[in-house]
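The analysis underlying the following values was restricted to heavy atoms, covering all of them including side chains, and did not include hydrogens, waters or symmetry mates. Each ligand, and each atom within it, is numbered from 1 in the order the structure gives.
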Amino acid sequence: MNRIYHEMGISNEIYQMGEEVLTALNDRFLQIDKIAEYNQLKVIKAMQECRVSEACLLGTTGYGYNDLGRDTLEEVYSKVFKTEAALVRPQITCGTHALALALMSNLRPGDELLSPVGKPYDTLEEVIGIRDSKGSLKEYGVSYAQVDLLPDGSFDYEGIKNAINNKTKLVTIQRSKGYQTRPTLSVARIGELISFVKSIKPDVICMVDNCYGEFVETMEPSEVGADMVVGSLIKNPGGGLAPIGGYIAGKKECVENAAYRLTSPGLGKEVGASLGVLPQFYQGLFIAPTVTASALKGAIFAANLYERLGYHVVPNSTESRHDIIQAITLKSKEALLAFCKGIQQAAPVDGYLTPEGWDMPGYDSQVIMAAGAFISGSSIELSADGPLKEPYNVYFQGGLTWYHAKFGILKSLQELKNAGII
Ligand SMILES: *Cc1c(COP(=O)(O)O)cnc(C)c1O
């Protein structure tokens with residue numbers, strides 16, 4: 001083992017450091033494996049109950065009428081998420097699109113959208129109209145209200161109660177912290193929040209942005225009262241195999257509204273050819289529980305390794321996990337560059353490249369990104385990014401296999417060592 005790691009550029013010292021950290025993580029890894037085991041059976045059960053057959057793996061072209069594989073997959077998703085219906089389509093281009101679709105199809109002019117958990121994910125700012133954009137909800141006369149979390153991360157129940165009014169139609173709850181420092185919400189906490197909201201206004205639609213959260217726990221937010229859960233197939237539920245796509249699972253009426261908006265009034269779910277992607281959609285969902293477990297192990301390994309070296313990590317080494325994102329404060333530009341270089345050099349694709357900062361549209365500083373992915377931009381694959389500014393946080397996630405995640409993290413550490421930073 002030492003030799004192959006040595007051949008891959010990992011010194012004995014770094015390798016041993018990793019092994020030491022790992023011996024203390026046995027129990028946590030066992031717990032993650034148990035969750036994966038449960039979720040694996042949950043997915044197989046859903047596929048069997050829906051009688052997934054070889055014929056389901058064939059796609060359609062053109063209008064896509066009577067697409068058995070597409071319709072059955074949507075049934076499988078609704079069983080996995082325990083909802084009445086689901087929309088799972090390659091025509092949903094990404095997570096932002098899925099969220100925009102869920103919002104725009106269920107809100108009407110004069111309605112108000114409320115986020116009771118603070119500012120939503122960056123890309124939603126333009127969807128909502130927090131930052132002006134063509135076609136935003138604001139442009140269509142949908143207003144927006146926001147209640148921030150309290151400083152200790154708890155819900156501001158009083159503020160939420162005051163914010164709910166007769167216009168409030170939909171409440172959006174982001175499960176993952178995304179690229180913020182607030183804690184990620186557990187499914188149990190989301191359930192508490194939804195119960196509270198519904199106790200004030202029973203008919204309000206509660207939507208959960210489920211990105212990065214799928215299969216991290218044995219339950220999904222749709223099991224604790226969410227009317228819609230929404231996410232991207234190039235994150236957890238695509239298992240790294242889905243080449244595109246998004247999903248909305250939830251109440252029949254909510255999903256139907258989304259289908260009519262995605263295609264056209266009158267057409268809804270009946271059209272939308274699946275082309276050739278169904279095998280990857282099915283197989284990706286099938287392996288998603290173990291892929292998510294690999295990514296989680298990588299995140300916990302990194303938190304423990306870097307915390308031991310004195311870095312501030314969020315979540316910390318012992319906290320419970322509700323999504324797959326790990327943040328590390330690297331404190332210098334050199335450290336951030338070295339970290340990302342290491343992640344890149346561990347990649348099976350484009351591993352010979354060195355990432356550099358670039359002026360990404362919409363950001364006020366340069367951003368560096370490390371990714372050597374089979375699916376472009378897929379963040380269930382091992383990837384890291386961060387803005388090149390104080391305090392030089394890196395956010396990293398993914399790893400289709402635990403061993404790749406481990407190698408990537410060791411490689412990042414090796415690069416910090418080679419640069420004389422640790
Ligand atoms: C990734 C993500 C999104 C947006 O998904 P894209 O596929 O990048 O458009 C939205 N919300 C959260 C919490 C995310 O992590």
(request) Please list, by chain and number, the protein residues whose heavy atoms come under 4.0 Å of ligand 1. (result) Cys94, Gly95, Thr96, Leu99, Tyr121, Gln174, Asp209, Cys211, Tyr212, Ser232, Lys235
(request) Fit a plane to each ring of Tyr77 and Tyr247, take the angle between them on a 0 to 90° scale, and name the class: parallel (under 30°), tilted (30 to 60°) or perpendicular (over 60°). (result) tilted
(request) Tell me whether the centres of the aromatic rings in Tyr157 and Phe196 are closer together than 6.0 Å. (result) yes
(message) Do the side chains of Asp323 and Lys177 get close enough for a salt bridge, i.e. N-O under 4.0 angstrom?
(response) yes
(request) Please confirm whether Phe339 and Tyr306 have ring centers closer than 6.0 angstrom. (result) yes
(message) Any salt bridge linking Lys297 with Asp33? Criterion: basic side-chain nitrogen under 4.0 Å from a carboxylate oxygen.
(response) yes
(message) Applying salt bridge (charged side-chain N to carboxylate O under 4.0 Å, His left out) as the test, list every pair that has at least one member in residues 224-241; sequence neighbours left out.
(response) Lys198-Asp227, Asp227-Lys251
